[in-house]
Amino acid sequence: MAAVPRLFRSSSSAPSFSLIRRSLSSVAAAQSPKPHQSNASSTIPAGRNVQWVFLGCPGVGKGTYASRLSDLLGVPHIATGDLVREELSSSGPLSKELVEIVNQGKLVSDEIIINLLSKRLEMGEVNGESGFILDGFPRTVRQAEILDEVTDIDLVVNLKLPESVLVEKCLGRRICGQCGKNFNVATINVKGENGNPDITMAPLPPPPQCASKLITRSDDTEAIIKERLHVYDEKSQPVEGFYRDQGKLLEFNLPGGIPESWPKLLEALNLDDNEVKQYATA
Ligand code: ADP
């Protein structure tokens with residue numbers, strides 16, 4: 001851990017990314033006890049666990065689907081938004097700066113985010129993690145280039161929903177202050193435009209033990225959501241092109257809520273829920 005602050009203290013305008021390089025390559029090289037080797041699944045590399053990225057606008061559901069897939073595939077789900085929120089709720093030196101950035105709907109600097117990700121990867125390395133599903137990283141082309149320099153990404157899943165649905169979903173988002181699970185109180189019924197089908201999503205209510213502990217993210221207000229969507233268009237959409245050019249981008253239009261979307265996503269990923277579950281318990 002001590003290496004992380006040292007890395008950035010010694011850096012000038014161009015920080016060294018040796019730590020993230022070391023962290024990411026050792027995560028990639030770590031021997032998985034049970035690497036999935038399905039010959040049916042071209043999205044899963046042979047001999048090691050998956051290294052995937054989830055892209056998509058705020059509120060699209062990256063966290064929900066990335067977390068389900070991480071359970072299914074036995075790899076860590078690493079969400080840089082969670083790392084930022086953990087840091088800002090601590091009384092660490094960065095917390096004041098981060099609150100301001102996040103509550104304006106802006107992006108945290110590449111340097112800070114890479115520092116937080118490096119620490120998270122180091123911790124995973126110590127705990128013997130292998131593979132990952134990244135959610136919310138990379139969010140700028142510079143972050144994507146850095147990631148590219150340090151490890152191989154197998155697949156990039158780009159989740160999509162119309163903007164009106166994204167705003168409603170963010171406004172309805174609730175988090176259990178105790179267990180950290182995400183829920184949604186919004187009932188979404190949006191007419192399809194330009195020949196696209198209507199989108200209906202039932203609320204995702206919390207279980208009784210979480211119902212009294214729900215909190216709303218401070219950046220889930222209409223004005224901040226709109227700013228985050230604007231920042232996504234400007235800074236993060238080019239990341240889609242970066243991976244499209246590499247032939248790694250899987251575009252996935254969510255057809256509705258979890259019951260409609262999950263089986264279709266598995267199909268698009270060439271994953272068989274039962275087959276992977278059997279593998280995971282073998
Ligand atoms: P969203 O719902 O907008 O996708 P996240 O939970 O992923 O939100 O991120 C919350 C906030 O954390 C972002 O608005 C941004 O300020 C910061 N953040 C998260 N990941 C990154 C990143 N890769 N680069 C810069 N800032 C980030």
Side-chain angles (χ1 to χ4, degrees), residues 8 15 17 20 24 52-67 70 77-90 92 94-121 132-148 150-151 153 156-161 163 165-176 180-184 186 204 215-240 242-243 254:
F8 285 101
F17 293 103
I20 194 171
L24 287 168
W52 289 357
V53 164
F54 265 65
L55 297 181
C57 288
V60 78
K62 296 184 294 290
T64 302
Y65 294 102
S67 136
S70 91
H77 164 216
I78 302 178
T80 45
D82 289 345
L83 301 181
V84 168
R85 279 183 290 280
E86 272 164 34
E87 188 67 31
L88 63 81
S89 66
S90 74
L94 280 179
S95 62
K96 228 176 129 214
E97 187 185 340
L98 290 181
V99 171
E100 271 179 36
I101 298 170
V102 171
N103 285 344
Q104 286 172 23
K106 307 282 187 223
L107 291 185
V108 170
S109 72
D110 290 344
E111 180 171 334
I112 291 178
I113 212 79
I114 283 168
N115 200 350
L116 292 175
L117 183 60
S118 297
K119 279 197 216 169
R120 169 63 188 81
L121 289 166
F132 51 75
I133 298 183
L134 292 179
D135 155 7
F137 186 94
R139 226 161 168 124
T140 62
V141 169
R142 181 70 194 120
Q143 291 176 11
E145 287 168 350
I146 290 163
L147 191 60
D148 231 27
V150 299
T151 197
I153 294 302
V156 179
V157 181
N158 188 25
L159 298 181
K160 289 170 146 183
L161 276 173
E163 185 168 325
V165 178
L166 296 170
V167 176
E168 278 193 55
K169 274 194 74 203
C170 283
L171 289 173
R173 187 150 61 179
R174 299 289 180 275
I175 303 166
C176 172
K181 285 209 175 109
N182 279 282
F183 305 101
N184 208 298
L204 186 60
I215 48 174
T216 305
R217 271 171 52 171
S218 60
D219 58 344
D220 275 344
T221 64
E222 190 157 353
I224 304 177
I225 295 163
K226 291 208 163 137
E227 176 59 18
R228 279 155 56 209
L229 288 169
H230 167 75
V231 169
Y232 186 90
D233 279 349
E234 194 188 327
K235 302 268 172 64
S236 306
Q237 204 146 31
V239 178
E240 297 175 11
F242 180 90
Y243 287 119
L254 289 156

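Both ligands and their constituent atoms are indexed starting at 1 by order of listing. Start at 1 with the first residue, then count along the sequence.
The side chain to side chain contact (heavy atoms under 4.5 Å, CB included) with Val53 is formed by just one residue from the set Asn158, Asp135, Leu147, Ile133; it is Leu147.
The shortest side-chain heavy-atom distance between Phe242 and Asp148 falls under the 4.5 Å cut-off.
At most 12 heavy atoms of other shown residues, nucleotides or ligands fall within 6.0 angstrom of atom CD in Glu163.
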Distances for all N or O pairs of ligand 1 and the protein under 3.5 Å?
residue	atom	partner	partner atom	Å
ligand 1	2 (O)	Arg173	NH2	3.2
ligand 1	2 (O)	Arg217	NH2	3.4
ligand 1	2 (O)	Arg228	NH2	3.0
ligand 1	3 (O)	Arg139	NH2	3.3
ligand 1	3 (O)	Arg228	NE	3.1
ligand 1	3 (O)	Arg228	NH2	3.0
ligand 1	4 (O)	Lys62	NZ	3.0
ligand 1	4 (O)	Arg139	NH2	3.1
ligand 1	6 (O)	Arg85	NH1	2.9
ligand 1	6 (O)	Arg85	NH2	3.0
ligand 1	6 (O)	Arg217	NH1	3.3
ligand 1	7 (O)	Arg139	NH1	3.0
ligand 1	7 (O)	Arg139	NH2	3.3
ligand 1	8 (O)	Arg139	NH2	3.4
ligand 1	8 (O)	Arg217	NH2	3.1
ligand 1	16 (O)	Lys106	O	2.6
ligand 1	20 (N)	Thr80	OG1	2.9
ligand 1	20 (N)	Gly136	O	3.4
ligand 1	20 (N)	Arg139	NH1	3.3
ligand 1	23 (N)	Gly136	O	2.8
ligand 1	23 (N)	Gln143	OE1	3.0
ligand 1	24 (N)	Gln143	NE2	3.0
ligand 1	26 (N)	Val108	N	3.1

Could you give the side-chain donor-acceptor pairs of residues 221-228 under 3.5 Å, partners two or more places apart or in another chain?
residue	atom	partner	partner atom	Å
Thr221	OG1	Ile224	N	3.4
Glu222	OE2	Lys226	NZ	3.0
Glu227	OE2	Lys106	NZ	2.7
Arg228	NH1	Asp219	O	2.5
Arg228	NH1	Asp220	OD1	3.1

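Checking side-chain atoms of Gln143 against main-chain N and O of Arg139 turns up a donor-acceptor pair under 3.5 Å.
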side-chain contact (heavy atoms from CB on, under 4.5 Å) assessment of Leu134 paired with Leu117 = CA-CA 10 Å; Leu134 292 179; Leu117 183 60; 4.2 Å; yes

